Structures are given as C-alpha cells and as structure tokens.
Amino acid sequence: MTTQSVLDKQSIVVLSLLAAVAVLVPVLNGLAVPGSALHLSDHLVPLLGKYICFALLALSVDLIWGYCGILSLGHGAFFALGGYAMGMYLMRQIGPRGVYAHPVLPDFMVFLNWKDLPWFWYGFDVFPFAMLMVLLVPGILAFIFGWLAFRSRVTGVYLSIITQAMTYALMLAFFRNNMGFGGNNGLTDFKDILGFPLQSASTRRVLFVLSVAALGAGYLLCRWLVGSKFGKVLVAVRDAESRTRFLGYRVEHYKLAVFTISAMLAGVAGALYVPQVGIINPSEFAPANSIELVIWVAVGGRGTLAGAILGALVVNAGKTWFTGALPEFWLFALGGLFIFVTLFTPRGILGAGQGLWERAKQMLGSKPSRSSFSGGGVVP
Amino acid sequence: MPSLRIVLQVFVLLIGMTASTKAGPYEEALPKFAADSYADTETALSAIANSGHARALTVVEALRDGRLLLGAGQVYLKEVSGTLIDVATGQAANPTGNLKPIRVNNRVRRATEAALGSLTLLSADPATRLNAARAVFRSRDVAALSALERAIAQESDVHVRDALEGARAAIILSKPDALISDKKAAIEILEARGDQQALALLTTLPSDAPPELVKAAGDAAEGIQTRLAFWNALQNVWYGISLGSVLLLAAIGLAITFGTMGVINMAHGEMVMIGAYTTFVVQETIRGYAPGLFDASLFIALPLAFLAAGTVGIMIERGVIRFLYGRPLETLLATWGLSLILQQGVRTIFGPTNREVGTPAWMSGALEVSGLSLTYNRIAIVIFAFSVFAVLLLVMRYTSLGLYVRAVTQNRRMAASMGIRTNRIDALAFGLGSGVAGIAGVALSQIDNVSPNLGQGYIIDSFMVVVFGGVGNLWGTLVGAMTLGAANKMLEPYAGAVLGKIVILIAIILFIQRRPRGLFALKGRAVEA
Amino acid sequence: MSMLKMTRRCLIALASAALVSGAMAGAAQAQETIKVGILHSLSGTMAISETTLKDVMLMLVEEQNKKGGLLGKKLEAVVVDPASDWPLFAEKARQLISQDKVAAVFGCWTSVSRKSVLPVFKELNSILFYPVQYEGEESERNVFYTGAAPNQQAIPAVDYLAKEEKVERWVLAGTDYVYPRTTNKILEAYLKSKGVKSEDILINYTPFGHSDWQTIVADIKKFGSAGKKTAVVSTINGDANVPFYKELANQGIKATDIPVVAFSVGEEELAGIDAKPLVGHLAAWNYFQSVDTPENKAFIEKWRAFTKNEKRVSNDPMEAHVIGFNMWVKAVEKAGTTDPDKVIDAIVGVQVPNLTGGVSEMLPNHHVTKPVLIGEIKEDGQFETVSQTDSLVPGEAWSKYLEGSRDLIADWKTLKCGNYNTVTKKCGA
C-alpha cells in the first residue's frame with residue numbers, strides 16, 4: 001500500500017457510510033414528522049452521538065495497539081482529560097446562572113466555601129483556549145508518560161500495567177474534592193456552548209454532525225499515518241521491535257509520536273462526548289472503562305481502523321440493549337465477549353468477514369488478493 | 001458459670017458484715033427500673049451498686065446482659081441458668097404476662113461498667129480484677145476509693161496491682177480535696193504508666209491547681225510524650241508490615257503465574273473472592289450443623305479455599321489460557337472477561353450484598369505491649385502471610401514441581417527440550433497461584449467486605465507489587481509488598497490516605513522507567529522479539 | 001465455524017438494534033396503563049444498595065394494582081439498569097421519559113447520579129422521586145426529595161450526642177465526596193456556633209472503598225483520649241464501613257468509650273457484619289426496621305411475603321420510596337391526571353402516613369417532613385431507638401450554616417423558585 005491509496009476501497013466505504021449517517025440522522029430527527037415510522041426520536045440523537053465519540057476513542061486505541069503493538073489500558077484517561085477540558089469550558093459558560101448566582105465560581109465551589117477560582121481554571125471561559133487544552137492536556141501527558149516509558153523500553157504487559165496505574169492515579173486524584181474539579185460529582189448541569197443551548201434539538205444535531213465529522217477526519221488521519229512510511233515503521237515495531245531498532249530506526253521516537261497523536265484523538269473524542277451526555281466525572285478514569293474500550297477494538301478487528309469503529313458501535317449498542325432488556329446478564333455477555341473474541345476471532349468481525357470473503361473468492365477461482373488490512377493476529 | 005458463684009460468695013461474705021438486710025437503698029431503688037427511662041435506670045443502678053446489698057452485683061450484671069426483665073411494674077431477674085427470680089425478694093418467681101428486658105443505652109452501659117468495676121475489685125479471678133481496675137481508672141469514681149485501697153493492700157499479682165494503683169492515682173488526681181503530696185505521688189505513678197490516658201489526665205488538671213502540681217504534671221506529661229512518639233513510630237512500622245502482608249498475600253499467587261507464564265491473570269482478584277466466599281459457606285455450614293467448631297472455621301476453610309480456587313484456576317488455564325500461548329496481551333483481556341463473569345456469577349448466587357464472615361474469638365481484640373497495640377487479627381495475618389511465603393519458597397526450592405516451574409520461568413524452550421512437559425507445569429503453576437489467592441481470600445475475609453467486588457479492590461495493588469518486585473523471584477514480591485505497605489503507611493499521616501496512594505502510584509511509574517523489569521529482574525540472555 | 005458464529009452474533013445485535021429503534025419510532029401507541037419508571041442500578045458497585053429499592057417499587061406497584069390501579073388504569077413498572085454508570089443514568093432517564101413515556105420516575109441513589117439526570121428531567125419536564133438522604137443545597141421543580149436533608153439527620157444526631165453523651169470533642173470522618181464534605185461543613189459550622197473550639201474537631205476524609213483503617217482508627221483513639229468525651233460522626237460510605245467497624249472493634253474502641261454515629265449505615269449494611277462488637281454505636285435515620293407501629297409491622301409483613309424471604313430487612317430509603325409513591329398516587333388522584341405540571345402543583349401539601357406513626361407532608365420546597373430517630377445498634381443488627389423528635393422535622397433545602405446558601409429559600413408554590421434569595425428578593429440572583 002502506498003501513500004496515494006489513502007482513499008482505498010475500505011476508506012471510501014467508511015467515509016460514505018459516515019457521510020450518510022451525518023445526513024440521515026439529523027434529517028430523520030429534524031424533518032420527519034414525529035410519530036411517523038421514519039422519525040428518529042430526540043433521545044436517540046445524543047445516544048448515537050455518544051457511540052460516535054466512543055468510535056473515535058476506539059480508533060485512537062487501534063492506532064497504537066493495532067499498528068504499533070502498544071496495549072494501553074489507560075486510554076480512558078486521555079478521553080476523560082479531553083472531556084474535563086470541555087467540561088470546564090461549559091462550566092464557565094454557566095456564569096451567573098448557577099443556583100447560587102455567583103458570577104464566576106461554579107456551584108460546587110460556592111457551597112464548599114471556595115473564595116477564588118483556582119489558577120488552572122483561568123482561560124477556560126475562552127472557547128479557543130479550551131479547545132487548545134482539549135488537545136494539549138492529553139497530548140502533553142501522553143508525551144511525558146511516553147517519553148519516560150519508551151525511552152527505557154518498558155514494553156508489553158509492563159507497559160499495560162503502568163498505563164493502568166496512571167489512569168488509576170488520575171481517578172483517585174480527580175475524586176479528591178480538594179483538587180477543584182468537583183470531586184465525585186464531576187462537572188454537570190451545563191447550559192450552553194458558544195451561546196447555543198445544549199438542551200435544544202438543533203444543537204444536538206449539530207454536535208452529532210460534528211462528532212461524525214471528527215470521526216471521519218480522525219479516520220483519514222489514521223489511514224494516512226498508517227499508509228505512510230511512518231506507518232510501515234510502526235508495523236515493523238509491532239512485529240519485531242528489536243529488529244527494527246537494529247535496522248537503525250529510533251523506535252522510541254516512533255512510539256512516542258504515535259502515542260501522543262492517539263492521546264490527542266482520544267481527547268477530542270472526550271470533548272465531543274461531554275456536551276452530548278451532559279456530565280463528566282472521575283469514573284471515566286476507572287481502569288475498567290479503559291479495559292472495556294480495548295475490547296471494542298478487538299471485537300471489530302484490531303489493526304483495521306474500520307474495525308475499531310464497527311466494534312465500538314456494536315458493543316455499545318449491545319450494552320444499551322442489554323441493560324434495558326436483560327440487566328442481570330450484561331456482565332455475563334460482556335465477559336463472554338472478551339473470551340470469545342480473544343479465543344475464536346482474534347481478527348475481530350472485520351478480519352473474520354474478510355477471511356470468509358477471501359475463501360469464497362478462492363473457491364470461485366479468482367486469485368487471492370492482499371488487501372490493505374494488516375493481519376491482526378500478530379503480536380509482539 | 002461456677003466462677004461467678006464463687007465471686008458472688010466472696011462478695012457476700014465481705015459485704016455481709018457491713019450491710020443489713022432490712023429495707024434499704026437497694027429496695028428503694030428497685031421501683032425506679034419500672035419507669036424504663038434511661039435516666040431513672042441510671043439512678044437506680046448507681047443506688048444499687050452503692051447499696052452494698054448481696055444481690056447488687058447480680059442485678060448489675062443482669063442489666064448489662066439484658067437479663068433484667070420488667071413485667072407489670074415488677075422487676076425480675078433471669079439467671080444464667082434460665083430461672084426467674086423476683087429481684088426484691090430473691091425468691092423464684094413465676095410471673096404472668098409479657099416480660100421485656102430493661103433497655104440500656106450507652107450512658108447506662110457506661111454506668112454499668114463503672115459499677116461493675118468497683119464491685120469486682122476484690123474478685124478471686126485476676127483477669128476480672130484487672131478489668132475492674134481499668135473500669136475504675138476510666139470512671140474515676142471517688143466512691144470506689146476505699147474498695148481500691150483494700151484491694152491494693154491484699155493484691156498479690158504485680159500486674160493487677162499496677163493497674164489498681166494507676167486507678168487510685170487517677171482518682172486522687174481528680175479528687176479536689178486530696179493532699180498535694182498524695183497528688184504528687186499520683187503524678188509519679190501516672191508518669192510510670194506512661195500511656196495516652198495518663199497523658200490525658202496529666203494535661204487536664206483543673207485550672208485552680210497549685211503551680212508546683214502543674215509543673216510536676218507538665219514535666220511528667222513531657223516525658224510521656226517523648227516516649228509515646230517513639231512508640232508511635234514503632235506502631236507505624238507495624239501498620240506498614242501488616243498492610244504489607246495483606247499485599248503480599250494478595251500478590252504472591254499472581255507472582256507465580258506471572259513469573260512462569262508471563263501472563264497477567266486479571267481474574268486473580270476473583271480467586272481471592274472465591275476463597276472469601278468459601279469461608280462464608282464453611283462458616284454458614286458450621287453455624288448450622290456444628291456451632292462448637294466455629295473457632296476452627298478458618299482452618300477448615302483454608303484447604304477448601306485452596307482447592308476451590310485452585311480448581312477454578314486449572315479450569316481457566318485448560319479452558320482458556322492455553323489457547324493463547326505467546327499472546328500475553330490477549331490473555332490479559334480474556335482473563336478480564338473471566339473476572340466479569342465470575343463476579344456476576346457470585347452476585348447471582350450469593351446476592352449483591354455483603355456476606356457476614358465472623359471472626360473467631362482468638363482473632364478478636366488486641367495485644368497491648370507497652371505503648372504498642374497489636375490487634376490479634378493483624379498478627380494472625382502477618383504470621384499467616386509469612387508462613388505462606390515460606391511454604392511457597394520451600395515448594396519452589398525443594399520439590400520437583402518447584403524445580404520445573406523455575407526451569408520454565410527461566411527458559412521455557414530449553415525446559416521443554418529437557419523433557420519438561422511445560423503444558424502441565426503451566427496448568428499446575430496456574431492452579432497453585434490461584435489456590436494461594438484462594439487462601440489469601442480466607443485471610444482477607446477477616447478484614448474486608450465479603451462482596452462480589454472484593455477482588456477488584458486488590459487487583460491493581462497486587463499488580464503494582466508484582467511489577468515493582470520483579471518476576472521470577474518470590475523475594476521480589478516480598479520486598480515489593482513490604483516496601484509498598486510501609487511507604488503507604490509512612491505517607492498516610494502526612495499526605496492522607498488518598499494523596500499517599502497517588503504518590504506511591506506515581507513513584508512506581510517512575511521506578512519502572514529506571515528498572516523496566518522490577519527490583520529483582522531475572523537475568524537472561526534472550527532478546528525479546 | 002467461528003466466523004459463522006460471529007456473523008450470527010453480529011446479526012442478532014443489528015436486528016435487536018433495529019427492533020429498538022423500530023419500537024421508538026412507533027411511539028404513538030394506545031396507553032391503557034400508567035407507566036412508572038424505576039431507575040436503580042442492578043449491576044456495578046451500587047447494586048448492593050439499589051437492588052432492594054427496585055424490589056420495593058415493584059411491590060408498591062403491584063399493591064396499588066391490587067387496590068384497583070390509579071385513575072381506573074393499571075400501573076406498569078418499567079425497570080432499567082443504569083449499571084452504576086453516571087452518564088448511563090442520564091441516557092436511561094431519557095429513554096424512560098421519551099421512549100417509554102413514564103408518568104414519573106423513582107430512582108437514583110448517589111448524588112452524582114441525581115446530578116446526572118437533573119438536566120434530563122428539567123428538559124423533558126418529568127418527575128423524579130429521590131429516596132436517599134443527601135447533602136441538600138438543591139431544590140428543583142421536577143424532583144421530590146423524600147430522603148433526609150442534613151437538618152433531618154445530621155444536626156439532630158449531633159444534638160443528641162452533645163446532650164445525652166456529653167460529647168465535647170468531635171471526629172468528623174467521611175468518604176471523600178460531596179455528601180460527607182457538605183454535611184461536615186454544615187456540622188463544623190454548627191458545632192462552632194455552639195462553642196466547640198477548632199482543636200476539638202478532627203476532620204478526616206478517605207477514598208471510596210477504603211479498607212486499611214489501622215492508622216485512622218488509631219488517630220481517632222488518640223484524639224479521643226485527651227480527657228474530653230469524644231464521638232465520631234461518620235459519613236463513611238457503603239463498602240468502607242465493614243473494615244472500619246471491624247478495625248474499631250479490634251482496637252478495642254467500644255461505644256461506651258467513643259461512640260460512632262453514622263448516617264449511611266442501616267439495616268442492610270449491618271446484615272453483612274457481625275454486629276456484636278458494635279453494640280451501642282449509633283445511627284441517625286428517619287426510620288428503623290425495629291420501629292414498633294402497626295403501619296411498619298404491616299409493611300414488613302408484606303415486604304417479606306413479596307420477596308419470599310423471612311429474614312429480609314427493611315431500611316430508611318425504602319420507607320422514603322413508600323412515602324414518595326403514596327404521595328404521588330394521592331397527587332395524581334387529586335389532579336385527576338398524570339400530567340407532570342398538574343401533579344407537581346397538586347403534590348405540594350399532600351399528606352400521607354409514614355411508617356413511624358406520623359403523617360409526612362410534601363413541602364413547597366419539595367422536601368418532606370420526617371421524624372428524626374437516633375438508634376443504637378443491637379446484637380442482632382437492628383436498632384434500638386434511643387431518641388425520637390417530638391414532632392416531624394421539615395426538610396430544609398438550603399442550609400443556614402453554609403455561607404453560600406444562608407439567604408436562599410425554595411418555594412415552588414407561591415414563589416415558583418428553587419433558589420430565591422431573600423436579600424436581593426430575586427430568584428436565582
């Protein structure tokens with residue numbers, strides 16, 4: 001695969017599907033007559049928007065796990081940090097409309113007798129600054145963390161464990177009320193974004209379209225990255241790190257770069273997630289969340305990008321359905337999924353589907369073709 | 001309870017000379033119980049305790065144990081044997097109608113303890129006398145002074161006499177009309193006692209105390225404080241060791257599986273949970289069929305927990321993990337899935353709420369060594385953790401299983417070439433690791449919740465211990481657990497529990513950068529792919 | 001084979017997703033029943049507390065149907081599982097209101113879950129009954145708080161200790177989240193207003209699920225042996241309580257030395273502990289299972305029959321749901337409709353008997369009047385009521401002991417405002 005093939009067959013399918021969703025969902029929600037069979041009810045728009053944000057998050061994990069062999073069990077942390085940056089902006093937008101009508105301080109600070117806004121809240125009332133922080137905060141954390149870890153060649157299970165330690169430490173920190181991020185309650189009760197009320201259906205539709213656009217852009221970015229020479233080196237690092245190093249590549253630089261980019265993508269996903277679900281709190285940092293999102297990627301098929309998107313959508317739709325219809329069985333289903341996928345379909349839905357397709361083609365006599373997918377089964 | 005009877009007889013003999021049996025304070029106090037209000041009960045209680053009546057002690061004890069009953073305005077006493085007597089007459093009674101125990105609250109309970117203290121100062125049993133002395137020390141009841149003097153005069157046990165003298169000193173120091181010289185002597189006794197309560201007494205002298213007394217008390221308090229600071233530091237070390245042994249127990253099984261197979265078993269916490277629930281089931285069975293064995297319940301639970309968790313472990317290895325050889329990250333995900341299933345399974349079977357696991361009598365309470373207070377359950381856990389560690393060390397060193405496990409840990413392919421069936425060793429090592437987690441669960445059921453979430457609370461901490469200590473070496477796990485335990489407890493007083501934990505996590509992350517394979521890394525020549 | 005399986009799984013997932021959306025699209029179905037939403041976690045960390053509340057609600061709905069339903073229609077309970085996941089609470093609330101068209105929702109336990117669903121209830125204008133004691137500082141038009149506000153639990157408990165146990169030194173120990181933080185802020189201000197000095201108050205926070213209490217219990221012991229009577233006011237949450245009490249017992253702290261009064265420990269929590277060493281420690285609630293009234297006896301009988309469990313315990317939040325449900329039923333009957341606006345107007349002033357022998361009333365600030373009971377733990381894990389307020393205490397949304405809320409009042413009847421400032425005479429300013 002070469003750099004020209006960014007728009008290969010898979011990408012075209014993914015992008016056109018995303019474009020269709022971006023058009024259909026708002027149209028069906030906004031224009032179709034409520035009550036008709038075509039109407040998409042209001043509560044589904046933020047729900048679908050949430051799935052899209054999770055898909056972007058899964059994409060960021062696939063970029064490092066599927067293409068570089070870095071299994072991060074702490075990617076939820078970057079997602080949550082992006083979310084907090086957005087949440088802080090939304091909090092400042094409430095202004096004097098909080099229950100205590102304090103001109104500057106958010107409610108949770110007022111009733112715990114805070115006098116001044118902590119320094120790290122400065123600037124978050126300015127939208128561009130907040131958006132910059134959405135990228136920078138996760139990015140810088142990932143950079144420092146990655147610089148320390150990759151430089152000293154922490155790999156494999158050890159890396160997974162310390163990423164988990166990182167998100168756990170952050171969770172404990174954000175739970176502390178003294179940190180000034182609202183403790184366990186987190187940030188909530190947002191009013192509007194850039195002057196548009198968050199509760200209105202049209203704002204929701206716009207946020208949805210923006211999420212889909214971000215997902216599309218994220219997908220293109222990843223596709224471009226993995227198709228470039230940079231991406232080839234990443235795959236080499238995944239498959240044989242020492243050999244790549246012996247060939248003269250500075251492995252740690254490649255890893256660091258892709259880890260940081262991935263963290264920033266996760267941050268963007270978090271920032272889009274918060275206004276749609278209306279709350280950000282420290283439980284997003286929980287190690288269990290980060291592990292769960294890895295399974296989305298595994299279900300869809302790691303190392304395929306499109307698979308990550310598919311996996312996130314399928315698993316979360318399943319979660320919504322299960323917790324409504326068979327609440328007691330959700331954990332059994334999720335646990336079973338973990339085992340089933342790792343044992344039987346290490347290449348995920350996409351990999352399995354692709355294998356089926358190729359076998360069918362073989363049986364029909366046409367010559368087997370290598371597609372742009374990199375096999376997901378190979379592990380460092 | 002024959003000892004009680006002896007106590008009673010001794011008491012009756014002693015009191016008999018001074019008290020007459022005609023209607024006195026005892027009889028007058030009794031009707032006050034009938035109101036069943038806490039305040040009246042308390043007045044009645046102290047009147048009875050000071051009445052010197054032959055049945056005073058019996059009544060006070062009955063009140064404490066909920067055996068003092070009320071029926072139609074009459075007070076009855078249910079003896080330990082179950083027979084009812086009329087408190088006023090001492091005759092057996094057979095009242096009609098409903099009897100309900102006289103209610104007690106903390107205030108009454110405190111008064112009961114104080115009363116029992118002064119009533120049992122002359123008991124024949126040294127342990128009872130010691131408790132009595134402590135109760136009097138706490139209540140500082142001036143009325144008990146004469147009994148105290150008498151008790152000191154005839155006390156033969158040094159230990160008890162110290163306690164009695166301490167109690168006398170406490171009373172004298174807070175008695176307004178005591179002589180200054182007596183008070184000074186009291187201060188000296190309290191200084192020798194040197195504990196927290198003595199310090200409290202010395203620092204809370206009334207404001208009108210003479211200056212020389214204040215100075216003496218101040219000096220004594222200072223001396224006690226220096227000593228206490230020392231004991232505090234030692235106490236902190238103990239907390240560190242005890243937290244360290246909890247971590248050691250939780251992590252050591254993980255270290256074995258991680259060491260031999262290079263996989264992290266995310267369902268490890270659930271093995272601990274299975275052990276804890278085994279304890280629960282064992283205790284329930286014992287409660288139902290053989291209550292007498294309750295104190296031995298933990299010993300019965302230990303092998304069963306080992307078997308239960310070990311079997312589940314081997315099943316996991318045979319059913320899931322062996323298909324994932326060479327894919328450690330996938331193993332991590334699959335075992336995480338298993339942990340979710342096990343948790344929800346336990347939730348379905350046993351319900352989401354905490355289950356009650358009782359503490360055997362020999363594990364309750366605390367051992368006081370000078371300024372140290374060591375709770376028995378923590379002592380038991382520390383000893384247990386170190387025994388498990390020692391046994392595992394021996395197994396690893398001197399059994400063929402241990403030899404094979406070590407061989408596989410060091411070089412799997414070489415071991416296989418030498419004819420070791422690495423598959424079988426994997427399964428056994430996994431079973432061993434899980435079994436050890438199971439017996440850790442028995443111990444942890446004594447200090448933590450037995451709930452489906454039990455394992456989750458320990459899993460991250462155990463990872464940290466193993467990663468910090470390094471794999472392939474049990475000593476690494478020991479050092480790791482003790483270091484983390486001690487560091488946590490050293491930080492806690494300054495940084496608080498949460499911040500302390502965060503600091504430790506960051507320290508571990510930084511430490512791994514320096515030594516990516518942990519403290520005790522295995523040295524090998526293989527380059528990882 | 002495996003691929004086939006996977007495809008099938010995938011198909012099932014897709015089909016079910018399609019079904020769900022199909023059901024949502026065809027929302028205009030004839031409504032023969034009145035639907036009641038139940039929003040309590042059935043899995044995850046909060047399942048331990050919330051599952052029973054779901055059962056209570058199911059029982060109440062069944063019972064109402066036996067009485068002939070409401071407005072001539074049957075009630076239908078819609079149960080969903082927000083899985084202790086706070087964003088999921090908001091999602092499920094939205095689903096209950098806009099897809100299932102429930103007339104009212106009974107649910108939430110933690111403050112954060114309530115905060116998470118608040119915007120949804122405001123936006124879609126529905127009704128939430130919240131049954132757990134909480135930190136106060138809130139009064140929303142769409143929410144009815146049937147649990148205790150701080151003045152219905154914390155302050156009477158402290159008063160009792162000061163008066164009955166002559167406590168002069170206070171340890172305020174809590175889990176680090178908003179309820180303990182706020183409660184302790186209020187108590188600190190209250191104690192200081194009663195002349196307690198700063199050095200006689202020790203405040204301590206621990207993380208959720210804290211299990212190693214050695215150091216903290218030792219600190220409490222030390223703090224308590226300074227010669228003044230000391231008590232611990234515990235706002236320690238759920239799971240951390242068992243190890244805390246075990247450590248207390250082992251370090252030999254008895255209720256007669258340093259009593260602990262807890263606001264989050266009820267019959268359910270004690271069912272998981274050996275209560276013998278805890279005898280005499282206290283709890284403050286608005287209801288105890290041991291309360292000796294005919295109403296309570298009947299309730300426990302029904303509850304045990306419904307759950308088919310002779311040992312099933314009852315607790316305070318369950319009573320809050322009973323009160324809330326009965327108030328809602330009365331208000332709907334009074335309004336003649338389940339329309340939220342009409343019910344919200346009708347419910348203020350509604351009176352229903354509670355289980356402790358009094359009559360609770362819904363106040364204009366959407367809190368209820370409740371008696372305050374102080375109980376000592378007995379050997380069997382039940383409580384012995386040692387003190388009960390003479391009359392019912394009205395719940396206060398805004399504490400007068402907090403700087404920010406001193407001037408605020410809530411009145412949805414005349415002022416139509418949840419945060420009216422009595423100084424500026426404005427709503428929300």
Side-chain angles (χ1 to χ4, degrees), chain A residues 34-44 46-47 50 96-102 107-108 110-113 172 175-178 182-186 188-190 198-199 273 277-279 281 283-284 314 317-321 323-325 327-328 330-331 340 344-345 349 352-353 355-356, chain C residues 2-3 5-7 9-10 13-14 16-17 20-22 24-28 42-43 79-83 85-88 90-92 94-95 97-99 110-112 115-116 118-120 122-123 137-138 176-178 181-182 185 205 207-208 402-405 408 418-419 421 426 428-429:
Chain A
S36 77
L38 284 176
H39 180 70
L40 191 72
S41 96
D42 276 350
H43 88 271
L44 279 179
L47 184 63
K50 188 175 98 171
R97 285 169 294 169
V99 292
Y100 300 105
H102 194 285
D107 287 343
F108 70 85
V110 179
F111 81 67
L112 291 179
N113 292 348
L172 291 177
F175 262 129
R176 296 187 43 180
N177 273 282
N178 288 343
N184 181 44
N185 273 14
T188 178
D189 212 6
F190 309 128
L198 276 171
Q199 313 295 346
Y273 168 84
V277 301
I279 182 170
N281 106 320
S283 61
E284 300 292 340
V314 168
K319 183 173 186 172
T320 301
W321 183 75
T323 50
E328 280 83 6
W330 164 239
L331 281 184
F340 182 86
F344 300 112
T345 58
I349 300 175
L356 208 63
Chain C
S2 62
M3 280 173 286
K5 264 191 208 158
M6 200 57 231
T7 339
R9 180 178 280 269
C10 173
L14 283 177
S16 50
V20 170
S21 51
M24 289 161 190
L42 309 178
S43 58
V79 182
V80 289
D81 176 20
D85 176 350
W86 319 132
L88 205 55
E91 183 189 319
K92 293 290 170 192
R94 200 173 275 283
Q95 186 184 327
I97 302 167
S98 53
Q99 180 193 325
T110 56
S111 282
V112 53
K115 290 275 184 205
S116 167
L118 260 185
V120 179
K122 278 195 274 187
E123 179 197 339
E137 302 299 295
E138 194 181 292
D176 189 4
Y177 73 109
V178 65
R181 287 260 172 192
T182 319
K185 271 255 148 55
Y205 290 105
F208 281 95
L402 289 181
E403 228 170 87
S405 62
L408 297 181
N419 52 341
N421 192 317
K426 267 194 286 186

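None of the values given here were measured: they were computed from a predicted structure. Residue numbers start from 1 in every chain, and the chains themselves are labelled A, B, ... in the order their sequence lines are given, proteins ahead of strands.
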- Item | Asn177(A) portion near chain C, given a 4.5 angstrom heavy-atom threshold | both
- Checked Leu402(C), Val80(C), Val178(C), Leu42(C) vs chain A; the most non-hydrogen pairs under 4.5 Å come from Val178(C)
- Task: Name all residues meeting the side-chain hydrogen bond (donor to acceptor under 3.5 Å, both in side chains) criterion together with Arg94(C); count only those two or more places apart in sequence or in a different chain, and write none if there are none.
- Result: Glu123(C)
- Is the backbone N or O of Val99(A) less than 3.5 Å from a side-chain atom of Asn419(C), with the two atoms forming a donor-acceptor pair by type? yes
- When the 4.5 angstrom heavy-atom criterion is applied to Phe108(A) and chain C, the contacting part is neither
- Item | Top contributor to chain A interface from Arg181(C), Glu403(C), Lys92(C) [non-hydrogen pairs under 4.5 Å] | Arg181(C)
- Message: Can you tell me which portion of Val120(C) sits under 4.5 Å from chain A's heavy atoms? Options are side chain, backbone, both or neither.
- Response: neither
- Note on the structure: Per-residue tally against chain C (heavy atom, under 4.5 Å) across Thr320(A), Leu198(A), Leu172(A) peaks at Thr320(A)
- Message: Between Tyr205(C) and chain A, with a heavy-atom cut-off of 4.5 Å, which part of the residue counts as in contact: side chain, backbone, both or neither?
- Response: neither
- Please name all residues satisfying side-chain hydrogen bond (donor to acceptor under 3.5 Å, both in side chains) with Ser116(C), sequence neighbours left out, ordered by chain then number. none
- Item | Donor-acceptor contact below 3.5 Å, side chain Asn281(A) vs main chain Asn184(A) | yes
- Message: Can you tell me which of Val110(A), Asp189(A), Asp107(A) forms the most heavy-atom pairs within a distance under 4.5 Å of chain C?
- Response: Asp189(A)
- Message: So which residue, Pro207(C), Ser111(C), Ala90(C), ends up with the most heavy-atom pairs under 4.5 Å with chain A?
- Response: Ser111(C)
- Message: How close do Gly404(C) and Tyr100(A) get, counting heavy atoms only, and between which atoms?
- Response: O-CD2, 3.5 Å
- Residue Lys185(C) versus chain A: region with a heavy atom under 4.5 Å: side chain
- Query: What's the shortest heavy-atom distance between Pro46(A) and Asp42(A), and which atoms?
  - Reply: CD-O, 3.2 Å
- From CD1 (Ile279(A)) to OG1 (Thr188(A)), nearest 0.5 Å: 4.5 Å
